[in-house]
Amino acid sequence: LRIVESEVDDLSNLIAELVDTSKIESGKFEVKLERVNMQDVISKVIDSLQHSSDEMNITFENKLANKLLLVFADKRRMIQVVTNLIGNAIKFMPQGGVITIGASEGSKKVAFTIADSGIGISNDKLDKIFDKFYQADSSGTRKFGGCGLGLSISKSIIELHNGRIWVESEEGKGSRFSFEIEKFSNVADEKEQTPIKTCSECGCN
Ligand code: ADP
């Protein structure tokens, strides 16, 4: 049953990634920006991936556990990006590795970093890994699974937030993925949040 469950998960992820990719290509991918607590997003993702990290004896050093960081973002899509980055860190690390999650705050923006002590990425491949269907090591692909869409979707999501995403890595030593987006405090006064319509306003009753 466990094998069936994991195959179903892989298949559902593949379908979701293909759907997202075709929505991005046709310009129909949307984000709904609101106030999002990133501490909450990161704890949710760590909880949801705990089973895989426990299996690999991987530990988390979450420097944001007691830090309130509010951003102007689409919560569901933030969960998707962080899941992709932490999921990759787990996938490309040997037993017993450490994943460090941190943030550095500027006056208008905040950058989140997910660093691992895994296999790393060689210099000549670093600028390609955000491309659609690109996988740094196709022999590793069979071992690690996935189809090379996660990072390209994450890049599109972050760019829809007017942010940027990048990677620093050294082969054999680990990778450090970062993404930077706008702080909520920077937009709170300027932009109206999407109002919630009441039933009488929308006329459904
Ligand atoms: P997938 O993980 O499905 O292959 P992604 O788009 O998420 O697709 O990642 C693309 C490629 O980038 C991976 O196949 C892998 O070669 C490389 N990569 C991503 N994250 C890491 C990481 N943390 N450590 C080493 N390589 C990575």
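Whatever order the structure lists ligands and atoms in, that order sets their numbers, starting from 1.
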Q. Does the side chain of Lys32 reach to within under 4.5 Å of the side chain of Glu30, using non-hydrogen atoms?
A. no

Q) Which of the numbered atoms in ligand 1 are below 4.0 angstrom from a heavy atom of Gly148? A) 1 (P), 3 (O), 4 (O), 6 (O), 8 (O)

Q.
So for atom CD, which belongs to Gln95, do other residues, nucleotides or ligands contribute more than 12 heavy atoms lying within a distance under 6.0 Å?
A. yes

**Q.** Ile86 and its side-chain contact (heavy atoms from CB on, under 4.5 Å) partner, picked from Asp116, Ile101, Val81, Ile58
**A.** Ile101

Q.
Can you name the atoms of ligand 1, numbered from 1 with element, that are less than 4.0 Å from a heavy atom of Asn84?
A. 7 (O)

**Q.** Gly118 near ligand 1 by a heavy-atom separation under 4.0 Å
**A.** no

(Q) Within ligand 1, which atoms have a heavy atom of Gly120 less than 4.0 Å away? (A) 25 (C)

Q.
Using a 3.5 Å cut-off on N or O atoms only, is Ile129 in polar contact with ligand 1?
A. no

Can I get a per-line list of side-chain donor-acceptor pairs under 3.5 Å for residues 169-178, giving both atom names and the distance, sequence neighbours left out?
unit_1	atom_1	unit_2	atom_2	d
Ser169	OG	Ile121	N	2.8
Ser169	OG	Gly174	O	2.9
Ser169	OG	Ser175	OG	3.1
Ser178	OG	Thr113	OG1	3.1

Q. Backbone, side chain, both or neither: what part of Ser175 comes under 4.0 angstrom of ligand 1, heavy atoms only?
A. side chain

Q: Could you tell me whether some N/O pair between Phe92 and ligand 1 is separated by less than 3.5 angstrom?
A: no

(Q) So if I count the atoms of ligand 1 from 1 in the order they appear, which ones are less than 4.0 Å from some heavy atom of Tyr134? (A) 10 (C), 11 (C)

Q: Report, in ascending order of atom number, the atoms of ligand 1 lying under 4.0 Å from any heavy atom of Leu149.
A: 6 (O), 8 (O)

Q | Under 3.5 Å: donor-acceptor pair, side chain of Glu180, backbone of Val110 | A | no

**Q.** Ile119, any N or O under 3.5 Å of ligand 1 N or O
**A.** no

**Q.** Test item, Phe130 contacting ligand 1 (heavy atom, 4.0 angstrom)
**A.** no

Q.
Just to verify, which of Glu159, Arg164, Lys155, Met78 counts as forming a side-chain contact (heavy atoms from CB on, under 4.5 Å) with Phe179?
A. Met78

**Q.** Polar atom proximity, Gly146 to ligand 1 (N or O, under 3.5 Å)
**A.** no

Q | Part of Cys147 within contact of ligand 1 (heavy atoms, under 4.0 Å) | A | backbone

Q) What atoms of ligand 1 come closer than 4.0 angstrom to any heavy atom of Lys91? A) 1 (P), 2 (O), 3 (O)

**Q.** Phe29 side chain reached by Ser156 side chain, heavy atoms, under 4.5 Å
**A.** no

Q. Would Glu34 and Lys75 pass as an ion pair if we require N to O under 4.0 Å?
A. no

Q) Does atom NZ of Lys67 have more than 12 heavy-atom neighbours from other groups under 6.0 Å away? A) yes

Q) With backbone taken as N, CA, C and O and side chain as the heavy atoms from C-beta onward, which portion of Leu151 lies under 4.0 Å from ligand 1: side chain, backbone, both, or neither? A) both

Q. Once you round to the nearest 0.5 Å, how far does OG of Ser48 lie from CD1 of Ile79?
A. 8.5 Å

Q. Is it the side chain (CB and beyond), the backbone, both or neither of Asp116 that lies under 4.0 Å from ligand 1, heavy atoms counted?
A. side chain

